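Reviewing the structure listed below.
Nothing here was measured: the structure is a model prediction, and the numbers come from that model.
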Amino acid sequence: GISRVIEIIPTAHWMAPRDMAAEFGEAIHGQLDFAFERRNLHRFRENFAEFDRIDFPEPIDEFCTGRVLTMKFVHGVKFADLDTIDVDRSYLARRGIEAVFKMIYEDGLIHADLHPGNVLFRENNETVLLDVGMVGILDNEGRERMVEMGWYIMTKDGKAMAKFILENAQRHDVRDYDEYERDVTDFINFVSGKPLDEIQPAQVFGSIFNLLRNHRVKADQHYTMVNV
């Protein structure tokens, strides 16, 4: 397939396109298994039962199968219509970030398809997250690594991040470590120095993949999927 063609490109095999395609395929297949999504809904609802103003649809189990997912209807508006209801945008943004941090650092169950179409807003500053067919899973060790990675980004510690990436890579063959370290540091400074609304995710992840490919680093696809 396309992933095999990509591997013809010099150094492209360090991006592990076939592994990434296989993992993405598994994620898409999981989205078609509505029994899996129903279980995810129950888990998210349990995890956020005491987390104020973040909600998930409630499945109606007796009307659910592997091919049918039935949920209670959820009222709300999309982000584009946010001006039609009375909400505090800064609170919604802060609470949304707190919810994502809880998923990553506390629960280890992460909504992996958080785009505007999967988010509804309601009066009283409530947010409802939809479509949990694609999730990321982190065990205790994985969560500790995400904390470590986040710390290096927050403190702009490029040297530590460069070392961390190699220690957790599936394999690597870095030819010039000083140049690799400088590129990682430049990337962290670029991301850390921009307001959130100025960061283009596609550009950021494209830069990550190019950096790793250029320096012959094969990242762990598990963390790649979680970050995406």
| message | Between Phe187 and Phe190, is the ring centroid distance below 6.0 Å? | response | no

| message | Using side chain to side chain donor-acceptor pair (under 3.5 Å), reason through His42 and Asp61 one step at a time and then give a plain yes or no. | response | CA-CA 10 Å; His42 281 300; Asp61 292 337; 2.9 Å; yes

| Whether Phe44 and Phe48 hold their rings parallel, tilted or perpendicular, with breakpoints at 30° and 60° | tilted

| message | A side-chain contact here means heavy atoms from C-beta on lying under 4.5 Å apart; do Glu58 and Leu41 qualify? | response | no

| Partners passing side chain to side chain donor-acceptor pair (under 3.5 Å) against Glu144 (at least two apart in sequence or in another chain) | none

| request: Check side chain to side chain donor-acceptor pair (under 3.5 Å) between Asn140 and all other residues, then give those that pass, not counting sequence neighbours. | output: Arg143

| task | Could you list the residues that satisfy salt bridge (Lys or Arg N to Asp or Glu O under 4.0 Å) with Asp86, not counting sequence neighbours? | result | none

| Listed by chain and number, what are the salt bridge (Lys or Arg N to Asp or Glu O under 4.0 Å) partners of Arg122, not counting sequence neighbours? | Asp55, Glu126

| query | Sequence neighbours excluded, which residues qualify as side-chain contact (heavy atoms from CB on, under 4.5 Å) partners of Thr65? | reply | Arg67, Val68

All N/O donor-acceptor pairs, side-chain side in residues 92-103, below 3.5 Å, sequence neighbours left out:
unit_1, atom_1, unit_2, atom_2, d
Arg95, NE, Asp52, O, 2.9
Arg95, NH1, Glu98, OE1, 2.8
Arg95, NH2, Asp52, O, 3.1
Lys102, NZ, Asn47, O, 3.1
Lys102, NZ, Glu106, OE2, 3.3
Lys102, NZ, Asp107, OD1, 3.3
Lys102, NZ, Asp107, OD2, 3.4

| Do His215 side-chain atoms and Asn210 backbone N/O form a donor-acceptor pair below 3.5 Å? | no

| remark: Apart from Met154 itself, its cluster of hydrophobic side chains linked below 4.5 Å comprises none

| Partners of Phe121 by ring-ring contact (aromatic ring centres under 6.0 Å, His included), sequence neighbours excluded? | none

| field | All ring-ring contact (aromatic ring centres under 6.0 Å, His included) counterparts of Phe79, not counting sequence neighbours | value | none

| field | side chain to side chain donor-acceptor pair (under 3.5 Å) contacts in which one or both residues fall within residues 74-84, not counting sequence neighbours | value | Asp83-Arg89

| field | Sequence neighbours excluded, every pair satisfying side chain to side chain donor-acceptor pair (under 3.5 Å) that has a member inside residues 151-160 | value | Glu148-Tyr152

